[in-house]
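Heads up: the structure comes next, in structure tokens.
Chain A is the first sequence line, chain B the second, and so forth, proteins listed ahead of strands; every chain is numbered from 1.
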Amino acid sequence: MINKVVTDADEAIRDIEDGMTLMLGGFGLCGIPENCIKALIRKGTKDLTCISNNAGVDDFGIGLMLQQKQVRKMISSYVGENAEFERQLLSGELEVELIPQGTLATRCMAAGYGMPAIFTPAGVGTEVAEGKEVRNFNGKDYLMEMAFDADFAIVKAWKGDTAGNLIYRSTARNFNPVMAMAGKVTIAEVEELVAVGELDPDSIHTPGIFVHRVFQGNNYEKRIEQRTVTERRL
Amino acid sequence: MALSKEQIAQRISREIRDGYYVNLGIGIPTLVANYIPQGINVVLQSENGLLGMGPFPYEGEEDPDLINAGKQTITTLPGSAIFDSALSFGMIRSQKVNLTILGAMEVSENGDIANWKIPGKMVKGMGGAMDLVASAKNIIVAMQHVNKAGESKLLPECTLPLTGVKCVKKIVTELAVLEVLPAGGFKLLERAPGVSVEEIKNATAGKLIVEGEIPEMVITSVG
């Protein structure tokens with residue numbers, strides 16, 4: 001088996017340069033590549049275009065990169081949890097492309113499936129449609145949306161083996177599998193790195209062919225954004 | 001009496017049929033889950049990648065890897081399924097989800113909806129709402145009839161950037177239940193208890209269609 005293992009996040013992101021386009025997995029703070037985000041902050045890479053469903057919160061996730069002004073452009077579907085993001089956006093410091101969540105996922109999917117574009121009804125008749133080709137199929141209008149072109153995809157998985165096969169846990173899966181397929185170079189950080197043969201081939205979510213670098217992450221904080229609970233009735 | 005948010009949620013819950021797959025948006029729509037009638041089997045879809053959303057976990061049992069689209073900690077139920085974001089929107093686009101319930105800032109009399117942006121003031125993003133409203137067969141909007149300044153949010157045309165075009169089928173507000181007619185116009189179906197047709201007319205800037213006697217809503221919760 002081909003060995004994809006690198007020692008840590010710093011080695012994994014060593015050749016990410018200023019001005020590159022990155023995909024970052026996760027939904028809110030769930031399933032985000034915490035180790036690589038911290039390594040990018042240490043490295044100080046600037047002028048990044050980040051494709052990620054959300055922009056973290058002020059003091060965690062991609063929000064930390066925004067604080068350091070490392071991001072030139074965000075491509076996201078929802079940024080409501082991040083006051084610093086909203087401030088940079090409204091003041092014009094940060095370029096932002098807001099796109100429908102399904103369009104975001106499917107543009108990743110298209111890249112991973114080797115398709116140049118997809119057609120979706122999401123955004124027809126809205127400002128999202130501006131400048132885009134509209135095509136009518138069976139009486140309904142669809143927008144042509146292009147596959148993403150990202151230099152790196154950075155994802156977080158629960159378990160991975162040394163060959164880069166990945167398994168995600170619960171709703172921390174979200175955008176990670178489609179982004180893993182879509183990067184020119186895909187980096188996976190995992191909570192548990194195991195030897196080949198330890199993962200059931202039937203259970204693999206992302207086959208290792210899509211993954212170029214894998215490493216065992218550490219010190220996962222896994223912050224909860226909205227802690228909602230049911231009261232126990234005695 | 002105008003309805004409380006809980007009462008709006010309760011009224012909407014009566015639109016849910018046995019066997020439905022339902023997507024609930026953030027805000028009042030989330031509350032609908034608390035009022036699903038006994039004996040009705042529904043599966044709640046959360047677009048971040050879950051079918052079969054269960055109640056909030058007990059304190060101490062929160063799992064940071066298990067959240068809904070509102071980023072709230074939740075649980076799964078027996079029969080739940082988890083999947084990635086592309087597949088999640090696949091089931092939405094291919095109309096496997098029977099009913100979408102979401103909030104709105106404005107709705108127009110031809111069924112346009114605006115709920116993601118106030119230019120120059122608030123930019124949160126559309127999340128999954130544009131995908132949902134572009135594909136859903138049945139869309140119910142839960143909203144306040146008027147804004148804080150007392151201005152109607154049911155308009156001839158939306159003034160805010162649109163989320164979707166000609167897609168809203170039904171609206172439940174604190175004052176009324178209304179149907180958006182295919183030819184345009186808000187058809188008044190029910191009044192909140194004690195609210196007159198005149199009050200609803202005054203709160204509706206778009207074309208209101210009133211035919212015959214308008215019954216009062218049946219609301220059982222005090223909420």
Side-chain angles (χ1 to χ4, degrees), chain A residues 27-31 53-54 76-81 85-86 89-90 96 98-106 108-110 112 120-128 140-142 158 168-179 205 220-232, chain B residues 26 30 46-50 53-76 82-90 92-93 112 114 116-117 119-135 161-167:
Chain A
F27 186 96
L29 301 179
C30 181
N53 188 55
N54 311 92
S76 302
S77 86
Y78 190 83
V79 295
E81 287 93 359
F85 182 103
E86 205 161 339
L89 169 60
L90 292 172
V96 177
L98 286 166
I99 62 176
Q101 195 174 126
T103 301
L104 179 61
T106 312
C108 295
M109 191 198 81
T120 176
V124 168
T126 76
E127 64 180 54
V128 165
K140 184 168 175 169
D141 284 340
Y142 295 80
W158 178 43
Y168 309 90
R169 182 175 174 276
S170 200
T171 58
R173 191 183 316 186
N174 56 63
F175 284 85
N176 285 300
V178 282
M179 288 185 172
H205 296 135
Y220 281 105
E221 218 176 299
K222 291 200 183 185
R223 232 187 256 189
I224 291 174
E225 238 170 288
Q226 306 282 341
R227 188 179 299 275
T228 44
V229 296
T230 301
E231 265 180 54
R232 278 179 208 272
Chain B
I26 295 166
T30 306
S46 193
E47 66 267 24
N48 58 316
L50 172 65
M53 180 168 60
F56 298 147
Y58 288 122
E59 196 168 355
E61 293 175 8
E62 308 93 316
D63 179 350
D65 286 342
L66 182 53
I67 62 168
N68 63 17
K71 283 93 177 179
Q72 297 171 312
T73 47
I74 48 157
T75 55
T76 55
I82 283 167
F83 35 85
D84 68 62
S85 300
L87 194 142
S88 180
F89 284 93
I92 289 166
R93 247 182 258 115
D112 296 352
W116 70 283
K117 184 178 183 182
K121 280 189 189 159
M122 187 282 289
V123 186
K124 291 192 186 303
M126 64 291 282
M130 277 195 187
D131 307 273
L132 283 157
V133 300
S135 294
L162 295 181
T163 307
V165 176
K166 289 185 185 173
C167 54

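Nearest heavy-atom pair, B:Gly164 versus A:Thr126, reported as atom, atom and distance to 0.1 Å: N-CG2, 4.1 Å. Closest of all the heavy-atom pairs between B:Ala86 and A:Val178 is CB-CG1, 3.5 Å. Between A:Val128 and B:Met126, the closest heavy-atom pair is CG2-CE, 3.7 Å. Taking both residues in full, the closest heavy atoms of A:Thr103 and B:Asp131 are given as N-OD1, 3.3 Å, listed atom of the first, atom of the second, then distance. Between A:Tyr78 and B:Gly125 the shortest heavy-atom distance is CD1-O, 3.6 Å. Between B:Ser135 and A:Pro121, the shortest heavy-atom contact is OG-CG, 3.5 Å.
Taking chain B as the reference chain and counting heavy-atom pairs below 4.5 Å, the highest number among A:Ala172, A:Ser77, A:Gly31 is found for A:Ser77. Of all the listed residues (B:Ala69, B:Ala114, B:Gly90), the one sharing the greatest number of non-hydrogen pairs under 4.5 Å with chain A is B:Ala69. For the options B:Leu87, B:Ile92, B:Leu162, heavy-atom pairs under 4.5 Å to chain A are most numerous at B:Leu162. Counting heavy-atom pairs under 4.5 Å between each of A:Leu29, A:Leu104, A:Asn53, A:Leu90 and chain B puts A:Leu90 at the top.
Rounding to the nearest 0.5 Å gives a distance of 13.0 Å between CD1 of B:Ile74 and CD of A:Gln226. The CD atom of B:Glu62 lies 5.5 Å from the CD1 atom of A:Ile224; values are rounded to the nearest 0.5 Å. Atom CG of A:Asn174 and atom CD1 of B:Ile82 lie 11.0 Å apart (nearest 0.5 Å). With rounding to the nearest 0.5 Å, the separation of CZ in B:Phe89 from OG1 in A:Thr120 is 10.0 Å. Put simply, OG1 on A:Thr228 and CG on B:Asn68 are 6.5 Å apart, with the number rounded to the nearest 0.5 Å. A:Leu98 contributes atom CG, which lies 11.5 Å from atom NZ of B:Lys124 (distance to the nearest 0.5 angstrom).
With contacts defined as side-chain heavy-atom distances shorter than 4.5 Å, the pair A:Arg169/B:Asp63 qualifies.
With a 4.5 Å cut-off on non-hydrogen atoms, A:Ile99 touches chain B through its backbone but not through its side chain. Residue A:Ser76: no heavy atom, backbone or side chain, is found under 4.5 Å from chain B. The contact between B:Glu47 and chain A is made by backbone and side chain atoms together, counting heavy-atom distances below 4.5 Å. In this structure, chain B has a heavy atom under 4.5 Å from the side chain of A:Arg173, while its backbone stays farther away. Of the atoms belonging to B:Ser46, not a single heavy atom falls under 4.5 Å from chain A. Using a 4.5 Å cut-off between heavy atoms, B:Lys166 does not touch chain A at all. Residue contact with chain B, scored on non-hydrogen atoms closer than 4.5 Å, involves the side chain of A:Asn54 exclusively. For B:Phe56, the parts sitting under 4.5 Å from any heavy atom of chain A are the backbone and the side chain alike. Neither the backbone nor the side chain of B:Ala129 comes within less than 4.5 Å of any heavy atom in chain A.
Between the B:Asp84 side chain and the A:Pro177 main chain, no donor and acceptor come within less than 3.5 Å of each other. Using a distance-only test at 3.5 Å, with no hydrogens or angles considered, a donor-acceptor pair links the side chain of A:Thr171 to the main chain of B:Ile67.
Around OH of A:Tyr220, the count of heavy atoms belonging to other residues, nucleotides or ligands within 6.0 Å exceeds 12. The environment of CD in B:Glu59 is sparse: at most 12 heavy-atom neighbours from other residues, nucleotides or ligands sit within 6.0 Å.
The pair A:Arg232-B:Glu61 meets the salt-bridge criterion, with a side-chain N (NZ, NE, NH1 or NH2) lying under 4.0 Å from an Asp/Glu carboxylate O.
Seen from the ring of A:Phe27, B:Lys71 counts as a face-on cation partner, given the 6.0 Å and 45° thresholds.
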